[in-house]
2 protein chains.
Amino acid sequence: MPLNTSEKTVGRLSLYRRLLQELSTASVSYVYSHQLATKAGVTAAKLRRDIMAIGYTGSPSKGYDVVKLAESIAHFLEDPEGQPAVIIGVGNLGRAIMSYFGGRRPKLQLVAAFDSDEKKVNRVIHNIRCFSADSLEEYIVQNSIKVAVITVPVTQAQNVADILVRSGVKGIMNFAPIHLRVPSDVFIEDIDLAISLEKVAYFARQNKQKKEA
Amino acid sequence: MPLNTSEKTVGRLSLYRRLLQELSTASVSYVYSHQLATKAGVTAAKLRRDIMAIGYTGSPSKGYDVVKLAESIAHFLEDPEGQPAVIIGVGNLGRAIMSYFGGRRPKLQLVAAFDSDEKKVNRVIHNIRCFSADSLEEYIVQNSIKVAVITVPVTQAQNVADILVRSGVKGIMNFAPIHLRVPSDVFIEDIDLAISLEKVAYFARQNKQKKEA
DNA sequence: TAAACATTGTTAAAATATTCACAGCAGTAT
DNA sequence: ATACTGCTGTGAATATTTTAACAATGTTTA
Ligand SMILES: NC(=O)c1ccc[n+]([C@@H]2O[C@H](COP(=O)([O-])OP(=O)(O)OC[C@H]3O[C@@H](n4cnc5c(N)ncnc54)[C@H](O)[C@@H]3O)[C@@H](O)[C@H]2O)c1
Ligand SMILES: NC(=O)c1ccc[n+]([C@@H]2O[C@H](COP(=O)([O-])OP(=O)(O)OC[C@H]3O[C@@H](n4cnc5c(N)ncnc54)[C@H](O)[C@@H]3O)[C@@H](O)[C@H]2O)c1
């Protein structure tokens with residue numbers, strides 16, 4: 001399997017897996033590319049190409065084995081050892097995220113939160129304990145954390161990113177509206193909701209649809 | 001100016017504008033493409049190409065006029081009449097979003113929230129009043145709402161989307177992890193945080209960087 | 001004044017991503 | 001058996017996006 005799987009393909013594989021798990025729960029055993037593609041909102045050809053990337057092979061007559069394909073994607077996406085993650089900034093957004101990711105996926109769990117506000121320290125929110133921001137570096141190093149979520153105010157985001165990088169974090173989901181400067185081996189996923197909303201507003205006026213329905 | 005500006009370009013234009021406003025606040029009058037590009041985390045060539053899309057022209061010696069370019073982008077992105085928006089689902093995420101977008105941009109404001117939980121109705125959260133979900137359709141029609149944010153549970157999202165579309169909404173920012181079925185003239189921006197986090201975790205393991213640092 | 005310089009706007013090239021289209025295959029029907 | 005069906009996997013074609021490259025241009029300097 002190629003080392004250079006694109007960001008888009010990785011994202012869609014994650015989506016396919018979710019849909020496969022739903023199918024599995026609904027006791028569906030096999031699914032055709034066009035069926036899964038429809039659920040995902042992509043074309044069948046694109047889906048088959050994505051699946052090619054992980055080297056899984058379906059049957060021309062029965063389609064894809066729901067459970068096997070889901071496992072195959074999981075094997076591709078997940079670290080079998082698990083990847084604990086932390087979140088920094090227990091404000092409005094941070095708490096919402098914590099409620100969402102609390103105990104969501106065994107291999108990818110939020111294990112700790114950090115905040116500089118002493119009033120929040122030691123509180124347990126949605127099963128995740130909040131620690132002092134002062135202990136961030138130590139915690140990351142000691143627990144070999146590689147994945148982090150930044151939900152601090154924009155003025156603090158680069159600061160926090162610097163600490164994370166220094167401590168060994170290799171992937172950051174960043175909600176602060178700022179371009180973080182990090183070494184090139186650290187992956188940043190920016191979630192910029194202001195931009196997203198402006199896009200929606202713009203295309204709502206254009207009455208222009210996305211590529212695939 | 002071409003009718004077919006890509007989604008990516010529109011998103012980046014929104015980003016440039018934010019940076020220009022920051023520069024303007026800092027009393028900077030002119031900026032070169034490579035300076036603005038660095039702030040945005042993109043290449044200068046890409047930025048110049050994006051700006052080409054809106055037909056603005058800078059000066060080879062002084063670069064771009066900060067205020068004029070910001071206005072030019074605003075003129076391109078925004079409806080001069082303003083575009084009121086609504087949010088449906090005043091839960092953990094909905095409230096965080098409301099706090100973020102409350103009175104953010106004059107031309108693009110969250111003017112109302114809707115929830116099916118009667119306990120939330122009539123509460124005012126971050127200056128936005130919460131109405132009963134029963135009044136959603138009427139409100140949208142009467143106020144000619146074209147932009148909406150969906151933060152209801154996944155089981156309710158398609159339901160809500162159907163109501164929105166029926167009432168005339170043309171752009172939806174959707175946080176529910178489901179592919180919404182809507183007519184092709186309705187623009188959907190899916191924000192799928194579970195997928196985003198899985199991407200981060202995957203690339204954190206690969207130690208692979210994004211295209212531009 | 002003219003040469004040197006750094007920047008823009010834009011065309012052309014390259015890189016990515018998507019879609020097409022079909023060979024090959026496993027069932028099923030005849 | 002043999003023909004038929006509808007699927008997958010994939011090479012080739014197409015579309016989109018990014019990057020490179022440079023002529024044109026205004027500014028500064030000598
Ligand atoms: N609320 C939203 O829906 C939303 C949407 C998009 C983006 N954002 C961005 O997300 C970030 C957080 O937004 P919010 O609404 O939750 O803000 P918030 O003010 O409610 O929360 C920020 C939290 O970060 C903590 N904090 C500040 N500095 C810190 C530090 N150095 N280390 C650790 N913790 C620190 C604060 O004590 C506070 O609890 C901001 O950058 C905002 O722009 C928020
Ligand atoms: N919390 C997060 O950070 C987060 C992150 C990503 C995605 N999401 C998604 O966003 C959505 C909301 O998440 P949440 O954590 O805020 O959930 P939540 O349960 O806290 O809030 C959902 C709200 O929607 C309301 N609601 C339910 N049905 C409704 C209807 N038909 N009309 C109007 N309102 C209705 C509920 O009363 C509730 O207030 C979910 O689809 C979730 O998957 C949440």
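Bear in mind the structure is a predicted one, so any value in this text is a computation, not a measurement.
What separates CG of Leu36(B) from C1' of dG9(C) is a distance of 16 Å, to the nearest Å. Atom-to-atom, CD of Glu7(B) to P of dA17(C) comes out at 15 Å; the value is rounded to the nearest Å. A straight line from CG of Asp50(B) to C1' of dT19(D) spans 13 Å, rounded to a whole angstrom. Here the C1' atom of nucleotide dT8(C) and the NZ atom of Lys46(B) are 19 Å apart, to the nearest Å. dA15(D) atom P lies 18 Å from atom NZ of Lys8(B), rounded to whole Å. Remark: P of dT7(C) and CG of Leu47(B) are 14 Å apart, rounded to the nearest angstrom.
Screening residues 168-178 of chain A for salt bridge (charged side-chain N to carboxylate O under 4.0 Å, His left out), with sequence neighbours left out, gives Lys170(A)-Asp185(A). Residue pairs that meet the side chain to side chain donor-acceptor pair (under 3.5 Å) test with at least one member in residues 53-64 of chain A, sequence neighbours left out, are Tyr30(A)-Lys62(A), Ser59(A)-Ser61(A).
Residues satisfying the side-chain contact (heavy atoms from CB on, under 4.5 Å) criterion with Arg166(B), sequence neighbours excluded, are Glu137(B), Ile163(B). The side chain to side chain donor-acceptor pair (under 3.5 Å) search around Glu198(B) returns Ser14(A), Arg17(A), Arg105(A), not counting sequence neighbours. Considering only residues two or more places apart in sequence or on other chains, Ser24(A) meets the side-chain contact (heavy atoms from CB on, under 4.5 Å) condition with Val66(A), Val67(A).
Nearest heavy atom pair, residue Ala157(B) against residue Ile178(B), reads CB-CG2, 3.9 Å.
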Nucleotides 2-9 of chain D: protein proximity per nucleotide (B base, S sugar-phosphate only, - neither; heavy atom, under 4.0 Å):
-----BBB
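Closest to the side chain of Ala45(A), out of dA17(C), dT18(D), dC20(C), is dC20(C).
A donor-acceptor contact under 3.5 Å is not formed by the side chain of Arg49(B) with the base of dT17(D).
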